[in-house]
Amino acid sequence: MSRYFLKTLREAPAEAELPSHRLLLRAGLVMPLAAGLYCFTPLGWRAMRRVEELVREEMNRAGAQELRLPALQPVELWEQSGRNEIFGDVLYRVSDRRERDFVLAPTHEEAVSALAASQVQSYRDLPVTLYQFQQKFRDEPRPRGGLIRLREFCMKDAYSFDPDWETLDESYRAMFDAYARIFARAEVPAVPVEADSGAIGGKDSQEFIYLNENGEDEVLLCSSCGYAANAEKATFRAEPPVAAEPAPVERVDTPGVGTIASLAAFLGVEERQTVKAVFYAADGEPVFVAIRGDLEVNETKLRNLLKAVELEPMDDAAVARHGLVAGSASPVGLEGLRVVADTSATEAVNLVGGANEPDAHLLNVNYGRDWTATLVDDIALAEGGHRCLSCEGTLDVRSGMELGHVFKLGSTYAEALDVRYLDDEGERHHAVMGCYGIGVDRLLAAVLEANHDEDGIIWPATLAPFDVHVVVLGGDKPEVKEALGEVEAALEAAGLEALVDDRDESPGAKFKDADLLGMPVRLTVSPRALGQGGIELQARASGEREVVPLGEVVGRIRERGA
RNA sequence: CGGGGUGUAGCUCAGCCAGGUAGAGUGCUUCGUUCGGGACGAAGAGGUCCCCGGUUCAAAUCCGGGCACCCCGACCA
C-alpha cells in the first residue's frame with residue numbers, strides 16, 4: 001500500500017449524503033469529475049471488475065454470448081427505430097468532421113438488432129441471447145447519489161432473439177433466474193416487481209428492486225399474497241362506490257369550494273362520492289381526465305393509454321382557452337375535448353361533480369346518462385394503504401433502487417430494423433425480442449448500501465477487490481519481514497489476492513483503514529502475534545479474531561469462505 | 001425546467017452580518033520520539049477566497065450578472 005495509488009479520507013466530502021456515496025469517496029474508490037461522471041481509482045476499478053465478473057459468470061451460465069457494440073452510432077439508426085425523438089434531450093449528440101450526426105448510445109436495442117438482422121437468416125439461428133458490458137450515455141436532467149444515477153455508466157445489457165413468444169418465455173426465464181442468482185451472490189436483497197413496459201409495448205416486464213429508503217423508485221407490496229409492482233404499474237382495488245339508485249341531477253351553490261377535500265366537507269359526503277377533473281396536454285393535445293375524487297391519476301398509465309410520448313399538466317392559458325373552470329370543471333356538458341375516465345368514475349352512482357361554472361357543483365352525476373368518455377380504463381395511482389387486487393391484504397409503499405430490468409419486447413425493433421428469419425416451412429417472420437439490463441455501477445453502489453457498518457465497507461467475499469488485507473506492524477524487524485514474506489508467498493500460491501499495508505503509519509491508522517476498505521479477512525503480521533505463535537486473523541464481518549500458525553493461514557481463510 | 005442550499009488550503013469548516021495583512025482542525029513534507037485501534041513534539045510547504053463586472057482609498061466580506069456542485073420536485077428505455 002505504500003506504493004498503491006489510493007487515498008482514504010477521514011471525513012466524507014460534504015456533497016455526499018447516501019451511505020454508498022460516502023463510502024465510495026472515503027475509501028478512495030472513485031473521484032467525481034463532474035455531475036454524474038466519476039473516475040475509478042485502481043481499487044475502485046478492481047471492485048467494478050469483480051462485480052462485472054460475477055454478472056458475466058451468470059450470463060454465461062445462462063447461455064448468453066458476450067459481444068461488443070459501439071457506443072458511438074449514426075443518428076440514422078435512431079431515426080429508423082423512432083427513438084431519436086422519443087429520447088430527445090437525453091441523447092448526447094455529436095457530429096464528425098463531415099458534419100454527419102451521431103449519438104452516444106443510451107442503450108443498444110438498435111445496434112444489436114442491426115447486427116442480428118445481418119446474421120440471422122433461419123429458425124436454425126434462433127434462439128440466441130447476446131450481451132455486452134458497455135458504457136451508456138444519457139443526458140439526465142438530474143444525476144444524483146454518487147453512482148446511483150450517472151450520465152455515463154456501465155450497463156450489462158442483454159438481448160434475446162426468439163422465433164416466437166413461446167420460446168421467448170424460456171429465454172426470459174433464463175435471464176430472470178440469472179438475475180436472481182446475481183443479486184443473491186452480490187448479497188443485495190433485490191425483489192422482482194411488475195414494471196411498466198412503456199410506450200414501446202411488449203408484454204411482461206419486471207424490475208429487480210433493492211428496497212432501500214434512498215432509492216428513487218416507489219413500489220407497492222402486498223404482505224399477504226406477495227404481489228409486488230412498481231408504482232407506475234401497480235393495480236389495486238378501490239373502495240367500493242356508495243350504493244344508491246340513480247337520482248336526477250341537481251345544481252347546488254358551493255361558494256369558495258375549489259378542491260375535492262373542501263367539496264366533500266362542504267356537502268358532508270365522502271371523497272369517493274365525488275368526481276375529480278384533471279387536465280393534461282398529451283403531445284400537445286388537450287385531454288380531460290375524470291377520476292373519482294378519492295383517487296389520483298397515474299400518469300404513466302394515462303400516457304400508455306393515450307400512446308403519448310409527452311404528458312404534461314395543461315397550462316393555465318390552455319385551461320382558459322378551452323373554457324375549463326378549474327375547481328368546478330365537469331365532464332357533464334363538456335364539448336370539443338377528448339375525455340378519459342378512470343373506471344372508478346364510471347362505476348359509481350350519484351357522484352358530485354363540477355358545474356363548469358364557479359361556485360357551483362352538480363349532485364347525482366351518473367356516467368352514461370349525464371356524460372361519457374372517449375376512453376375508459378384503469379388510470380388510477382396505487383398508494384400505500386390501498387387494498388390489494390389479488391387478495392384481502394393491504395398494499396405497503398416502499399422506495400427502492402432499480403438494479404435490473406427484464407422485459408419481453410416483442411417485435412418492435414425486429415420490424416424497425418428488419419430482423420427476420422425463415423421458418424421450417426420457408427415462411428418469413430420477424431424475430432421476437434427480449435431485453436435485460438443491469439446497471440453495473442449502480443449495483444456496486446447497492447452492494448455498499450447493503451454491506452457496511454459504521455466503520456466502513458464489509459465486502460461480500462465474491463466481490464471484494466482483494467481477498468485479504470494484510471496489516472504489517474513492526475515491518476523493520478527481521479522476524480516480521482520473514483513472516484510477511486512467507487505469508488505473501490502462501491497467499492499467492494493459493495491464488496488469494498492481498499492488499500499489503502506496509503506504510504509507515506501508526507497501528508491505529510492502519511486498522512481504521514482496513515475496516516474502512518472492508519476486505520473479508522484481515523491478517524496482522526506483528527511481533528506480538530508472532531510471539532503468540534503466528535499471524536492474527538480477523539474477519540471483517542464478525543470481528544472474530546484468532547492467532548493462526550503461519551502454515552495454517554491459507555487453510556483458515558479458506559474455511560472462512562474467502 | 002421549478003424550489004432550496006453551498007462555493008475560502010487535498011478534506012471538514014471558521015471568517016462575511018459590521019469592508020482594512022487569509023485562518024483552524026485534519027491531510028501533506030522534514031526531523032525526533034512513539035509503535036495493537038485514526039500517537040506526540042518541532043519546523044515547513046500549500047490559496048486566481050468559483051468567475052466576470054460594479055461600488056469604494058480599500059472587497060473573501062457590499063451590489064449586479066454568470067457558472068459549478070448538492071438536495072427536493074418534474075423527468076427517467
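Just so it is clear, the structure is predicted and the values come from calculations on it, not from any experiment. Labels below follow one simple rule: chain letters A, B, ... track the order of the sequence lines, proteins then strands, and each chain is numbered from 1.
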Most 5' of E17(A) and C435(A) on RNA chain B, judged by nearest nucleotide: E17(A)

Rounded distance (Å) that lies between atom C1' of G10(B) and atom CD of E15(A): 13 Å

Give me the distances for all protein-to-nucleotides 26-28 of chain B N/O pairs that come in under 3.5 Å?
from: G27(B); atom 1: OP1; to: R10(A); atom 2: NH2; distance (Å): 3.4

Length of the NE2-P vector between H21(A) and C71(B), whole Å: 7 Å

NZ/NE/NH1/NH2 to OD/OE distance under 4.0 Å, E109(A) and R83(A): yes

Criterion side chain to side chain contact (heavy atoms under 4.5 Å, CB included) against F133(A), the qualifying member of M155(A), M59(A), E52(A): E52(A)

Salt bridge flag under 4.0 Å for residues R540(A) and D453(A): yes

Counterpart base for U12(B), defined by Watson-Crick or G-U wobble contacts under 3.5 Å: A24(B)

Under 3.5 Å on both distances, the Watson-Crick or G-U partner of G37(B): none

Sugar-phosphate, base or nothing in reach of E232(A), heavy atoms under 4.0 Å: nothing

Side-chain donor/acceptor of R26(A) to base of G10(B), under 3.5 Å: no

Under 3.5 Å donor-acceptor pair, R149(A) side-chain atoms to C76(B) base atoms: yes

Rounded distance in Å between the P positions of G7(B) and C13(B): 9 Å

Sugar-phosphate only, base, or nothing, as touched by M31(A) at under 4.0 Å among non-hydrogen atoms: nothing

Strand partner of C1(B), provided both Watson-Crick or wobble distances fall under 3.5 Å: G73(B)

Phosphate OP1/OP2 of A77(B): any T107(A) side-chain N/O under 4.0 Å: no

Option among D501(A), L499(A), L491(A) that satisfies the side chain to side chain contact (heavy atoms under 4.5 Å, CB included) test with V470(A): L491(A)

Separation of G38(B) C1' from D513(A) CG (nearest whole Å): 8 Å

Side chain of S506(A) - closest among C72(B), G38(B), C75(B): G38(B)

First encountered from the 5' end of RNA chain B, between P13(A) and K510(A): P13(A)

Among G38(B), G36(B), G73(B), the nucleotide that comes nearest once only the side chain of R142(A) is considered: G73(B)

Complementary nucleotide for U56(B) - Watson-Crick or wobble, under 3.5 Å: none

Whole angstrom value for the distance that separates C1' of C35(B) from CG of L530(A): 15 Å

Touch class at under 4.0 angstrom, heavy-atom based, for G543(A) against every strand present: nothing

L25(A) CG to C70(B) C1', straight-line distance once rounded to whole Å: 12 Å

From A74(B), G36(B), A77(B), nucleotide with atom closest to T524(A) side chain: G36(B)

Gap in Å between the two C1' atoms, one belonging to C75(B) and one to G2(B), rounded: 12 Å

P atoms of C62(B) and C16(B), separation to the nearest Å: 10 Å

Side-chain-base donor-acceptor pair under 3.5 Å for R83(A) and A77(B): no

C1' spacing across the pair C1(B) / A18(B), given as an integer number of angstrom: 39 Å

Short side-chain to backbone donor-acceptor contact, Q73(A) and P70(A), under 3.5 Å: yes

Opposite nucleotide pairing with A42(B), Watson-Crick or G-U, both atom distances under 3.5 Å: U30(B)

Interatomic distance at P, A59(B) relative to C63(B), whole Å: 16 Å

Shortest side-chain distance from A35(A), nucleotide among C75(B), C70(B), A77(B): C70(B)

Residue pair Y179(A) / D177(A), side-chain donor-acceptor N/O under 3.5 Å: no

Out of G38(B), G36(B), C11(B), whichever nucleotide has its closest atom nearest the side chain of L9(A): C11(B)

Sidechain N-carboxylate O distance under 4.0 Å for E194(A), K233(A): no

Any-strand Watson-Crick or G-U partner of C49(B), both distances under 3.5 Å: none

Candidate nucleotides C76(B), A77(B), C69(B), ranked by approach to the side chain of A34(A) - the nearest: C69(B)

N/O (side chain, R144(A)) to phosphate O (OP1/OP2, C70(B)) under 4.0 Å: no

Closest to side chain of D515(A), choosing from C69(B), G37(B), G36(B): G37(B)

Euclidean distance, atom CZ of residue R442(A) to atom C1' of C76(B) [Å, nearest integer]: 9 Å

Between G73(B) (P) and D217(A) (CG): distance, integer Å: 12 Å

Assigned partner base of C67(B), Watson-Crick or wobble definition, under 3.5 Å: G7(B)

Out of C71(B), C13(B), G36(B), whichever nucleotide has its closest atom nearest the side chain of L473(A): G36(B)

Pair D169(A) + K408(A), salt bridge at N-O below 4.0 Å: yes

Side chain to side chain contact (heavy atoms under 4.5 Å, CB included) partner of W459(A), chosen from L448(A), D467(A), N451(A), L517(A): L448(A)

Quiz item: R522(A) side-chain donor-acceptor pair to G37(B) base, under 3.5 Å: yes

Parallel, tilted or perpendicular: rings of H21(A) and Y38(A) (30°, 60°): perpendicular

A39(B) and C52(B), which share atom name C1', separated by this distance in whole Å: 48 Å

Test: R138(A) and E152(A) ion pair at under 4.0 Å: no

Euclidean distance for P, U8(B) against C49(B) (whole angstrom): 11 Å

d(CG, D139(A); P, A74(B)) in whole Å: 19 Å

Rounded P spacing from A74(B) to G3(B) in Å: 15 Å

Touch class at under 4.0 angstrom, heavy-atom based, for A529(A) against every strand present: base

